[in-house]
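Values in this document were obtained by computation on a predicted structure and should not be read as measured data. Computed from heavy atoms alone, side chains included, the values below leave out hydrogens, waters and symmetry copies.
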Amino acid sequence: MKKSLSVIISASMAATLFSTVAVGAASPKSSVDFSDLNQLDAGTKAKFDAMIAAGIFDGVSDGVFGLHDKMNRAQFAKVAALIFGLKVETSRSVSSFRDVSAADPANGYALPYIEALKAANLTDGYGDNTYNPGGEVTKEQLAAFLMRGLNKEAEARSNGGVSDSTVSGWAKGYVALAVQMGLLENQISGTFGGNSPATRDMLVTSSYEAKRQYVPGSRAEISSVGNTMAAKAEIPDEVSTTYPLTANAQAQIKSVVQEKTANGWRVGAVIKLSNASSSTVRIPDYELRIQTADGTVYTLQPSASNANSILPQGNVTLSYMTDIEMKTDISLSKLLWVDVDQDVYPKRETVLANAAIDSIVWRGNDAVIQDSVLLGDWGARFSIPGETSALKYSAVSMSKQFTGQTPTYIVEVQAKNEGIYAETIPNFVLSGKAEGKSFIGKRVEETPISIEAGGQKSIHFAITTDTDTKLNAFYVLSAESFLKQGQNGPIQYYTGRIGFRLPANDGFTTGAVGSSYIFGTPMTFKQMNDFINPSLNVSLEELHVTKNEENGNQTGLAKFKLINKSDKPIPVPSFGAELAGNEGKTYAGSRQTVSTQDIAPGTGIIVSYGFTLPSTEQSEKYQLNVQEVLSNSAYKSTIASYKVSIQNDNDHNSISLYPFKLNLKSWTLSQLTTMGTTGFSYTYKLNLDMDMERDAEVVLDTNFSKMKFELVDSLGRSLGSSSFPFTGTNRLVSGSQNLSFSNLTQDQIQNKVSIKVYETVNTPTGEVNRFITELK
């Protein structure tokens, strides 16, 4: 799901920034024309007057500016287009987004401005070819957009950031810089309030300052990159020099490697040889030699797997290598193609071509990209060095995951075919670069991936690091090999030349942040995702977080409904789910044990996820990430992300336990004492009168939730519990029913016994209990 402006203007801004624009009026408006601007100080009034006079702002009604009203995405589109000097086609009446219409009475005015943002690559929309013109924006999102619009991305990323718990981790650098530059300010309490809605007065004053400080031509193009926005720069393609060896054979250098071994150095080169003729030619007889800065020359040996000939108009890749037993450092300077005539005495050597290579030598794990041009920002487009291809790549999201005790970075790279023929993504990987260390990653998708002309697909890389490692960049590496004569297996190694930095906030992102979620509405998944069948509607029906006092933590329970809208059965997808709180801490969900394999046409099922949260987590809103499990691996990639509010606990008259609505109308608890051969036994019976309503569209899985009733004495001690299903034998029904408790922990009757009611779900990691209510 692409969400440009997703961090910028993504969530919701409420609805009425511009009703009209005072252009061509007989007497231009100013702050004196609006009753709610009279109390502003002179300096602030001057800013409002300037923005009103420029036609950027007007009132929400005649005489009312709407000083503290919220904003929406449509409204902010106009402000952004005007303050950053974008080209606006005011006559445009048809939008490229299906939810933007000139006939929309609330937001139609913004159509040309929204299109201007898209044309300038400030937005690709909200996803699914929509723009969501009515959504909200928070203060920290406003700060992020203004910094990026002012081309301050690099400064924000390098900024230490604010020490403020009200600001999300990803936004701390943006907020610090926005406050430092005077665009936004803290609240009276001293905190920024990053997740609070941005209002019209904030937008006027921050836009005024941004417009004042904006340098025309300085703004980089912006593109959507996960829940960050990055400069849409491009790491320049290298200019490949061609070296003619014969009349028909030309050489290009793909890579040169110099890496340490136990006895010295391993030096290798990969050469691409092309045949310009219309017939097959043999590989020319030459020696490939490498020369050091002090003039020493070494001959490289050809790989046993090298080709012997080149097809007409074709090319081959040849590998060469040698070991140099010298433990002092050497500097490689030239590559020489030498024709050696052994038929004369003394033998005659002719240099067919020589190439300077000091700038392209890759020093293995010790390699550091020094040229800032070749080390782009996060999201910069790049090509694979040494590959003749129309494929362009850019990093779009990243997360940090643990499958053991060490962290693994999962980086999603989007590949786009800008050519006219289908292409297969070549064999390359990413490595994580830290101070003095390199960590070679692996591509998660093991099968070849082909992309049609004009198409796009995502690939993922897993880079596992040491526990205490702080990465500063990712390098793009090509996998190479060399087969020694007489050996069975080749030597595998990697070379590179380009890389890109981590995203802001050190890359601790979990995907694109969406809008505030409306429970029960179908989710929109990331484009190019084929993990969720498009005929399967996935919606979140419930999210509850309750305290678990006996364990000292909190329990979260999320319920997803999956509806099959097709005419064929669809397998149940095993997606992941995680919650991220305000501080950026993420909590992985444990998926309910599900026995259903397929969802029948026209029906749905419920899949629940349990979360364990610390008692200190106080978030009322969370970022919910729905995740694809990558290629049957342990790694996941976010395919949808929404802001969700936790639902209030139910009282006994209205219990939401989707797909059921329950009303516990009345209850009585009776005690029964029985004399047996070994003494007295004690039993409690609960007579429960309950109304039950159910959504008929949903089919209950055999492992669906149960209701658990726990007997608790006056001291809060558990006397025993029993769980009752909604399906099968002893299921709960509407009307009066008797529930028995016999597995008691006390050997005598207790007074003042109450009943705690839970929803309980079985997962592979154990039972998840959501507290509902207490019957006294």
Side-chain angles (χ1 to χ4, degrees), residues 165 168-169 399-408 410 467 508-511 517 519 540-560 574-594 606-629 634-638 640-650 655-658 701 703-710 712 716 718 721 723 756-774:
S165 62
S168 301
S399 64
K400 186 178 182 182
Q401 302 176 21
F402 286 85
T403 56
Q405 295 302 307
T406 53
T408 296
I410 305 298
T467 304
F508 297 124
T509 65
T510 50
Y517 183 73
F519 284 91
L540 180 67
E541 299 296 328
E542 292 182 359
L543 175 62
H544 297 277
V545 176
T546 58
K547 293 189 180 298
N548 192 348
E549 294 180 355
E550 53 268 33
N551 291 337
N553 57 21
Q554 297 183 90
T555 296
L557 187 63
K559 279 191 178 180
F560 293 86
S574 182
F575 56 82
E578 70 176 10
L579 294 176
N582 290 337
E583 293 298 312
K585 297 176 182 177
T586 58
Y587 311 100
S590 180
R591 185 174 183 262
Q592 166 197 344
T593 303
V594 178
I606 296 295
V607 180
S608 298
Y609 290 76
F611 302 86
T612 299
L613 295 82
S615 58
T616 54
E617 178 62 71
Q618 300 298 317
S619 300
E620 292 294 326
K621 286 188 176 182
Y622 290 86
Q623 179 183 324
L624 171 69
N625 298 315
V626 181
Q627 300 168 314
E628 171 187 359
V629 180
Y635 306 122
K636 299 174 183 177
S637 176
T638 296
S641 185
Y642 290 94
K643 290 183 177 179
V644 293
S645 299
I646 59 175
Q647 296 168 317
N648 294 327
D649 294 336
N650 303 280
I655 298 174
S656 178
L657 200 153
Y658 193 82
D701 186 82
N703 291 309
F704 181 73
S705 303
K706 296 179 181 180
M707 282 190 75
K708 182 167 78 173
F709 298 86
E710 181 185 28
V712 180
S718 176
S721 65
S723 297
K756 290 187 176 181
V757 184
Y758 299 88
E759 177 183 4
T760 180
V761 176
N762 287 323
T763 73
T765 59
E767 189 178 83
V768 175
N769 293 308
R770 163 203 160 198
F771 175 73
I772 295 175
T773 189
E774 186 169 8

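- Residue N762 holds its CG atom at 7.0 Å from CG of N703, rounded to the nearest 0.5 Å.
- Among the candidates L657, T760, V761, the single residue satisfying the side chain to side chain contact (heavy atoms under 4.5 Å, CB included) test with K706 is T760.
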key: Derivation of the salt bridge (Lys or Arg N to Asp or Glu O under 4.0 Å) call for K708 and E767   = CA-CA 11 Å; K708 182 167 78 173; E767 189 178 83; 3.4 Å; yes
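- Aromatic ring pairs are classed by plane angle as parallel below 30°, tilted from 30° to 60° and perpendicular above 60°; the pair F575 and F560 is perpendicular.
- The closest side-chain donor-acceptor pair between E710 and Y758 falls under 3.5 angstrom.
- Counting all heavy atoms, side chain and backbone alike, D701 lies closest to T593 at OD2-O, 4.1 Å.
- Residues S705 and K559 meet the side-chain proximity criterion, which asks for heavy atoms closer than 4.5 Å.
- When side chains are defined from C-beta on, L624 does not count as touching Y517, because their heavy atoms never get closer than 4.5 Å.
- Between I772 atom CD1 and K756 atom NZ the span is 13.5 Å, to the nearest 0.5 Å.
- For the pair N553/T612, a side-chain contact is recorded, criterion being any heavy-atom separation below 4.5 Å from C-beta on.
- In this model, no donor atom of one side chain and acceptor atom of the other lie less than 3.5 Å apart for S656 and Q647.
- You'll find the ring centres of Y622 and Y587 outside the 6.0 Å limit.
- Going from atom CD of E628 over to atom OG1 of T638 covers 10.0 Å, rounded to the nearest 0.5 Å.
- Between S645 and L543, the closest heavy-atom pair is O-CD2, 4.4 Å.
- For the pair R770/V768, no side-chain contact is recorded, criterion being any heavy-atom separation below 4.5 Å from C-beta on.
- In this structure, L613 CG and T546 OG1 are separated by 10.0 Å, a value rounded to the nearest 0.5 Å.
- With rounding to the nearest 0.5 Å, the separation of OG1 in T586 from CZ in F611 is 10.5 Å.
- Taking all atoms of both residues into account, the shortest heavy-atom contact from S619 to G581 is OG-CA, 3.6 Å.
- Rounded to the nearest 0.5 angstrom, Q401 CD and K636 NZ are separated by 7.5 Å.
- The closest side-chain heavy-atom distance from L557 to E542 is not below 4.5 Å.
- Residues Q623 and S641 are in side-chain contact: their nearest non-hydrogen atoms beyond the backbone lie under 4.5 Å apart.
- Using a 4.5 Å heavy-atom threshold, the side chains of V607 and R591 count as touching.
- Using a 4.5 Å cut-off on side-chain heavy atoms (C-beta onward), F771 and T555 make no contact.
- Side chain of Q554 to backbone of K547: no donor-acceptor contact under 3.5 angstrom is found.
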